[in-house]
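Report on one structure; see the data block that follows.
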2 protein chains.
Amino acid sequence: MYFCFVNSNTEENYLKAIFLLTDGVSEVQPKELSESLGVKMPTINSMMKRLLEKGLVEHTSYRPISLTKSGKKMAALIIRKHRLTEMFLVEKMEFGWEEVHEIAEQVEHIKSPIFFEKMNEMLGSPKQDPHGSSIPDLNGNIDNVNYPKLSDCEKNAELRLVAVNNSSEDFLKFLNARKISLGLRMKVLSVESFDGNMTILFNEKREEVLSKIVCDRLLVTQLNPSK
Amino acid sequence: MYFCFVNSNTEENYLKAIFLLTDGVSEVQPKELSESLGVKMPTINSMMKRLLEKGLVEHTSYRPISLTKSGKKMAALIIRKHRLTEMFLVEKMEFGWEEVHEIAEQVEHIKSPIFFEKMNEMLGSPKQDPHGSSIPDLNGNIDNVNYPKLSDCEKNAELRLVAVNNSSEDFLKFLNARKISLGLRMKVLSVESFDGNMTILFNEKREEVLSKIVCDRLLVTQLNPSK
DNA sequence: GTATAAACTTAGATGTATCTAACAAATAAG
DNA sequence: CTTATTTGTTAGATACATCTAAGTTTATAC
């Protein structure tokens with residue numbers, strides 16, 4: 001039996017949003033999805049009805065939403081296209097990492113496997129996008145490395161910034177202004193227990209205080225202590 | 001008074017189709033437009049109503065359709081994005097000229113002036129796309145060079161292929177198979193008056209018979225006779 | 001110059017994607 | 001454990017983009 005079923009851009013956006021909101025957890029509340037997509041609750045409801053019929057989500061009345069296996073794969077492939085595009089824009093077209101999300105948000109819906117595989121080839125099959133997020137492979141499998149947040153690290157921790165949690169233009173411009181980019185070495189000099197502000201030493205020379213809000217969005221790895 | 005009015009992809013496709021069908025002439029018949037877009041007549045009708053209200057087309061009942069000045073500009077800017085994309089795909093991503101139309105058809109709707117201007121810059125502000133069609137400038141102005149068709153040339157004419165009339169994959173693959181590409185020198189050896197077939201000498205060495213259908217789609221310039 | 005054919009228009013229907021208003025269920029608060 | 005609040009659902013409305021069926025106008029043919 002042969003199925004040729006194409007999803008609208010809108011449907012793709014719902015799948016993507018559910019995928020991203022269920023990162024780590026298994027389900028998402030309709031309310032959360034509605035806020036994430038900027039649509040009202042009944043809209044979520046009618047779209048879930050459609051995606052349910054297509055076998056892409058699981059959802060029973062008054063219960064949270066999750067993706068089926070095929071929904072997950074479909075979402076991962078859209079995210080693959082999004083992240084390859086972001087990488088292409090940064091590496092091959094000299095865009096800043098703060099400029100690429102909006103463009104990739106549109107490019108990701110282009111129907112042309114060869115277009116994205118050409119990007120992939122030109123980029124040498126990158127494993128991460130410019131914000132440090134993993135790029136799913138052609139089968140929709142994605143490395144689920146769960147980097148800790150800077151805000152969860154303790155005093156004296158020696159770290160490297162490997163990803164950001166959020167690709168909003170404002171946040172990335174904030175980081176640019178402070179010359180904070182992926183790969184940067186950081187040491188936690190102090191943590192203010194009252195508000196979660198952290199004082200960080202960058203590259204062993206520059207010292208700066210970062211708010212909890214910012215520290216929540218910076219993902220790090222422990223630096224090899226043998227070094 | 002401030003207007004922020006965005007057109008849907010569908011509207012953009014109508015504007016583009018009208019622009020291309022009114023190349024050289026001033027109007028297009030609704031029927032022609034309907035066939036070109038693959039929609040039924042009433043669909044044309046209701047879209048014309050909308051584009052009329054937006055001041056993008058001129059149309060009165062039972063009369064042909066034309067673009068207003070602002071409709072023309074808008075269409076030209078979409079075509080600019082399409083043709084820049086085609087050029088980018090060929091020059092920077094190593095696609096064949098027969099592969100790019102379908103992809104550009106989708107990319108042209110992306111809303112990001114900087115994305116296309118970056119392409120333009122990387123390409124060195126090209127004046128033609130890979131099929132020899134002029135690329136409109138940022139103001140929507142387009143060089144209207146009207147190259148003659150090969151089929152309108154006479155015996156013994158010495159020519160250079162400068163553009164094709166049609167970017168369909170099948171036609172371009174047909175040309176690829178015969179190693180016919182832009183810039184190729186051609187001499188008309190004979191014209192069959194019965195069916196319009198032409199015998200052409202390519203690059204002063206290779207001889208081939210081309211059907212009228214093909215000759216209608218090949219656009220040429222007269223080679224400088226002083227050469 | 002009427003008859004016929006082709007092109008065009010109107011009216012009304014369908015499916016997508018959204019909304020508001022009103023109602024129902026689940027959760028939180030007292 | 002009842003009440004209030006939040007969350008979720010249903011029903012019905014709107015706008016877009018399309019269709020079919022039926023009627024109208026223009027063009028073509030004889």
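Per chain, numbering begins at 1; letters A, B, ... match sequence-line order. Just the heavy atoms: all of them, side chains too, but no hydrogens, waters or symmetry mates, feed the values below. Everything quoted here is computed from the prediction, not taken from an experiment.
- Salt-bridge formation is detected for the pair Lys16(A)/Glu105(A): a Lys NZ or Arg NE/NH1/NH2 atom is positioned less than 4.0 Å from an Asp or Glu carboxylate oxygen.
- The shortest distance between the side-chain N/O atoms of Lys40(B) and the OP1/OP2 oxygens of dC19(D) is not below 4.0 Å.
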Give the intermediate values and the outcome of salt bridge (charged side-chain N to carboxylate O under 4.0 Å, His left out) for residues Glu117(B) and Arg80(B).
-> CA-CA 10 Å; Glu117(B) 290 324 302; Arg80(B) 172 178 171 81; 2.8 Å; yes
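- When rounded to the nearest whole Å, the span between NZ of Lys31(B) and C1' of dA5(C) equals 12 Å.
- The CE atom of Met48(B) sits 14 Å away from the P atom of dC16(D) (whole-angstrom rounding).
- Distance CG (Asn9(A)) to C1' (dG15(C)): 16 Å, rounded to an integer number of Å.
- For the residue pair His131(B)/Glu86(B), the side-chain donor-acceptor check at 3.5 Å is satisfied.
- Residue Ser46(B) is classed as a base contact, given a heavy-atom separation below 4.0 Å to a base.
- The distance from atom CD1 of Ile44(A) to atom C1' of dT10(D) is 16 Å, rounded to the nearest whole Å.
- Listed candidates were dT9(D), dT27(C), dT9(C). Nearest to the side chain of Met41(A) is dT9(D).
- Between the CG atom of Leu37(B) and the C1' atom of dC19(D) there is a distance of 15 Å, given to the nearest Å.
- Ring geometry for Phe95(B) versus Phe115(A): interplanar angle of 30 to 60°, hence tilted.
- In this structure, the NZ atom of Lys54(A) is 8 Å from the P atom of dT16(C), given to the nearest Å.
- Candidate nucleotides dT10(D), dT27(C), dA11(C) were compared by shortest atom distance to the side chain of Pro42(B), and dA11(C) ranks first.
- For Thr43(B), a side-chain nitrogen or oxygen approaches OP1 or OP2 of dC19(D) to under 4.0 Å.
- Distance from the side chain of Tyr62(A) is smallest for dT9(D) among the nucleotides dT9(D), dT10(C), dT24(D).
- Rounded to an integer number of Å, the gap from Glu11(A) CD to dG15(C) C1' is 11 Å.
- In terms of phosphate contacts, Gln29(A) brings no side-chain nitrogen or oxygen within less than 4.0 Å of OP1 or OP2 of dT6(D).
- Where Ser61(A) and Tyr14(A) each meet DNA chain C at their nearest nucleotide, the meeting point lying more 5' is that of Tyr14(A).
- Under the 6.0 Å distance and 45° angle rule, Arg217(A) counts as a cation-pi partner of Phe171(A).
- Spacing between atom CG of Leu51(B) and atom C1' of dC16(D) amounts to 12 Å, rounded to whole angstrom units.
- Regarding contacts with the backbone of dC8(C), every side-chain N or O of Asn45(B) stays at 4.0 angstrom or more from both OP1 and OP2.
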